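To start, the structure itself, in structure tokens.
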Amino acid sequence: MTTVEFLYRCPTENVASALTLHPNKIIFIGNKSCKQEDIYKRFIKSKSPSVITEFIYTDTKNLTNLITILSDIVKTENDVIFDLTGGEDLLLTAMGVVLERQAQNITVQRFDIGENKLVSWKSGEKTEKSTNASLSVDEQITLHGGMIIENQSDEIILNDKNSQIIDALWSVFKTDKHYNTNVKLLQRAMKFNHENRELCANISITEFKAAEADERTANWLIEFLGFLKNGGVINFLDTKNNRIKFSFSSKAAKELLEKSGNILEMMVYKTAADLKTQDGAPYYTDLMRSVIIDWDGKVGSNKTGDTKNEIDCILMKNLVPVFISCKGGDIEEVELYKLDAVARRFGGKYAKKALISTNHGKDEVASAYFRKRAEDMNIALFENVHLLDDDKFLNMIKELV
């Protein structure tokens, strides 16, 4: 079987036949401004190493020329399928002319990426079927010319104990209105940790107070550690002899408390990972968190000169990517532009965008403007998510696609 793809702007559309069929050969047709040849070759080889790829670059503004090329393909290739998922208008027009002339020898298909359905026509007969086509997060970014240079592993949620820690810390986050401040306070205090064991802390209250502008911070820290102990995030707490001694219940607990935003990001990620379809399959077919993307797909020797962005979470629902920014405090308007830029560049026309937040720290007028700006950018804005119960939070994550 030979399939023909019409090159255009959307990489996912351009590899539709490689995702939905098992061709022996794929012919790509487009103009020379399409610079993705190496990317497509590597992608197809990773999927089906034996598939032959051929690229025909031509003037896509010359209708007669396009008709000739397509007609020749019909004559020379056996069992040929033309994919109409992408392509410039004139290429599709040329296909219509060829189809009118030689309909009996031609199969055409169109892939509905949003619904993950394949529709094909041959000799006037229409066939429609669902597919299990999917892309990993890494494939999604690579197809769009980027490279993932760093991401957090999912080891934290691969066992029941750590899942319980996440849930416990989430409960503290939801009830402690000073959570973000308290986590920063804890990290400042950890600079005075005189304990060499990885999960243990032994902090001099005198040293800590001397470094703080307000003496009350030591009491606030002890109160926060009490909340963590009650939730099982730390194992014990001792504040005798002018010292604060405690131990984290696990490496995961310590990592989650390294930054105030970690718990919201992790809860979004964990909830998405736990979601299942009605038949028990993963609802999101792939996901990553704390993803750092290099824009040109080439990490040079001067890494500081490369354009990079970090996205808190990227989810894949088959072929539809969801780019998520998680914010647990005040949000600058620039965060909307960052999210929009990365999603456009590496998600394309099918990308979904969401900003999940607690309190964005704006007054009524600024909030209205912020929401309108998010709406203009097609960014789904979820506010005060710490006030949602478990079912509503789960439904929010499910409805991102």
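The model shown is predicted, which means the values in this text are computed figures rather than measured ones.
Counting only heavy atoms from C-beta outward, the side chains of Thr85 and Phe6 never approach each other to under 4.5 Å. Contact annotation: the side chain of Phe224 approaches that of Val183 to within less than 4.5 Å [non-hydrogen atoms, C-beta and beyond]. Contact of the Lys61 side chain with the Glu88 side chain is registered, since non-hydrogen atoms from C-beta on lie closer than 4.5 Å. Contact annotation: the side chain of Leu91 never approaches that of Met95 to less than 4.5 Å [non-hydrogen atoms, C-beta and beyond]. Contact check for Trp220 versus Asp214: side-chain heavy atoms found under the 4.5 Å cut-off. Side chains of Glu198 and Lys254 form a contact here, defined as non-hydrogen atoms less than 4.5 Å apart. The closest side-chain heavy-atom distance from Lys308 to Ile292 is below 4.5 Å. Looking at Glu37 and Tyr57, their side chains come closer than 4.5 Å, going by heavy atoms from C-beta outward.
Minimum heavy-atom separation, Phe382 to Ala354: CE1-CB, 4.1 Å. Between Ile379 and Leu336, the shortest heavy-atom contact is CD1-O, 3.6 Å. Closest heavy-atom contact between Ser250 and Ile165: OG-CG1, 4.1 Å. Contact detail for Leu90 and Asn62: the closest heavy-atom pair is CD2-N, 4.0 Å. Between Ala343 and Ala351, the closest heavy-atom pair is O-CB, 3.8 Å. Nearest heavy-atom pair across Cys200 and Asn193 is O-ND2, 3.4 Å.
Under the 3.5 Å distance criterion, with hydrogens and angles disregarded, no donor-acceptor pair is assigned to the side chains of Ser136 and Asp138. His194 and Glu207 share a side-chain donor-acceptor pair at under 3.5 Å. Residues Ser17 and Gln109 have side chains that never bring a donor and an acceptor to within less than 3.5 angstrom of each other. Remark: the Asp59 side chain and the Asn31 side chain contain no N/O donor-acceptor pair separated by less than 3.5 Å. If you check the side chains of Thr2 and Glu77, you find a donor sitting under 3.5 Å from an acceptor. With 3.5 Å as the limit, one finds no donor-acceptor pair spanning the side chains of Ser134 and Asp286.
When each of Thr20, Ile27, Leu21 is checked for a side chain to side chain contact (heavy atoms under 4.5 Å, CB included) with Pro23, only Leu21 meets the rule.
A salt bridge links Lys338 and Glu335; the closest N-O separation between the charged side-chain nitrogens and carboxylate oxygens is under 4.0 Å. For Glu13 and Lys349, the salt-bridge test passes: some basic side-chain N is under 4.0 Å from an acidic carboxylate O.
Formation of a donor-acceptor pair under 3.5 Å by the Tyr284 side chain with backbone atoms of Ala273 is not found in this model. Remark: side-chain polar atoms of Lys353 are paired, donor with acceptor, to backbone N or O of Met377 under 3.5 angstrom. Under a 3.5 Å cut-off, the side chain of Ser48 and the backbone N or O of Ser50 do not form any donor-acceptor pair. In terms of modelled atom types and a separation under 3.5 Å, the side chain of Glu5 and the main chain of Ile29 share no donor-acceptor contact. Judged by distance alone, with hydrogens and angles left aside, the side-chain atoms of Arg243 form no donor-acceptor pair with the main-chain N or O of Ile205 at under 3.5 Å. Not a single donor-acceptor pair under 3.5 Å links the side chain of Arg289 to the backbone N or O of Asp312. Under a 3.5 Å cut-off, the side chain of Asn24 and the backbone N or O of Val51 do not form any donor-acceptor pair. Under a 3.5 Å cut-off, the side chain of Ser249 and the backbone N or O of Gly232 do form a donor-acceptor pair. No donor-acceptor pair closer than 3.5 Å links the side chain of Asn202 to the backbone N or O of Lys245. Listed for the Thr358 side chain is no donor-acceptor partner under 3.5 Å among the backbone atoms of His386.
The environment of NZ in Lys47 is crowded: more than 12 heavy-atom neighbours from other residues, nucleotides or ligands sit within 6.0 Å. In this structure, Arg9 places its CZ atom where only 12 or fewer heavy-atom neighbours from other residues, nucleotides or ligands lie under 6.0 Å away. Other residues, nucleotides and ligands contribute more than 12 heavy atoms inside 6.0 Å of the CG atom of Asp389. Shown here is Lys276, whose NZ atom has more than 12 heavy atoms of other residues, nucleotides or ligands within 6.0 Å. Within 6.0 Å of CD on Glu215 lie no more than 12 heavy atoms contributed by other residues, nucleotides or ligands. Open room surrounds CG on Asn78; 12 or fewer heavy atoms of other groups in view lie less than 6.0 Å from it.
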Verify side-chain contact (heavy atoms from CB on, under 4.5 Å) between Leu186 and Leu257, making sure each step is shown before the conclusion. CA-CA 8 Å; Leu186 173 61; Leu257 284 163; 4.1 Å; yes
Before you tell me yes or no, could you show the steps for Lys270 and Asp167 under salt bridge (Lys or Arg N to Asp or Glu O under 4.0 Å), namely the whole-Å CA-CA distance, both residues' side-chain angles and the distance that decides it to 0.1 Å? CA-CA 10 Å; Lys270 174 181 178 291; Asp167 291 338; 3.4 Å; yes
Full working for side chain to side chain donor-acceptor pair (under 3.5 Å) between Asn242 and Thr206: CA-CA 7 Å; Asn242 202 37; Thr206 300; 2.3 Å; yes
For salt bridge (Lys or Arg N to Asp or Glu O under 4.0 Å), just list the numbers for Glu383 and Arg371, CA-CA rounded to whole Å, side-chain angles, deciding distance to a tenth of an Å, and then say yes or no. CA-CA 10 Å; Glu383 304 174 59; Arg371 294 184 188 110; 2.6 Å; yes
Run the ring-ring contact (aromatic ring centres under 6.0 Å, His included) test on Phe393 and Trp170 for me, step by step, so that the C-alpha distance in whole Å, both residues' side-chain angles and the decisive distance to 0.1 Å come before the verdict. CA-CA 12 Å; Phe393 192 91; Trp170 178 245; 5.3 Å; yes
Would you please test Thr3 and Val80 for side-chain contact (heavy atoms from CB on, under 4.5 Å) and show each step? CA-CA 6 Å; Thr3 60; Val80 62; over 6 Å; no
Chi angles and distances behind the side-chain contact (heavy atoms from CB on, under 4.5 Å) call for Tyr269, Glu265: CA-CA 6 Å; Tyr269 179 83; Glu265 175 186 310; 5.5 Å; no
Applying salt bridge (Lys or Arg N to Asp or Glu O under 4.0 Å) to Glu195 and Arg197, what does each step give before you reach the verdict? CA-CA 6 Å; Glu195 179 61 70; Arg197 289 178 293 175; 3.3 Å; yes
Let me see the working for Asp340 and Arg344 under salt bridge (Lys or Arg N to Asp or Glu O under 4.0 Å), right down to the final yes or no. CA-CA 6 Å; Asp340 184 61; Arg344 283 175 178 270; 2.9 Å; yes
Verify side chain to side chain donor-acceptor pair (under 3.5 Å) between Asn14 and Tyr8, making sure each step is shown before the conclusion. CA-CA 7 Å; Asn14 292 339; Tyr8 201 40; over 6 Å; no
Criterion side-chain contact (heavy atoms from CB on, under 4.5 Å) on Tyr350 and Cys10, from CA distance to verdict: CA-CA 9 Å; Tyr350 297 101; Cys10 178; 3.8 Å; yes
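A distance of 11.0 Å separates CD1 of Ile148 from CD1 of Ile311, quoted to the nearest 0.5 Å. Distance CG/Asn182 to OG1/Thr217: 10.5 Å, rounded to 0.5 Å.
Cation-pi geometry between Lys229 and Phe246 is not met: the NZ or CZ atom fails to fall both under 6.0 Å from the ring centre and inside 45° of the normal.
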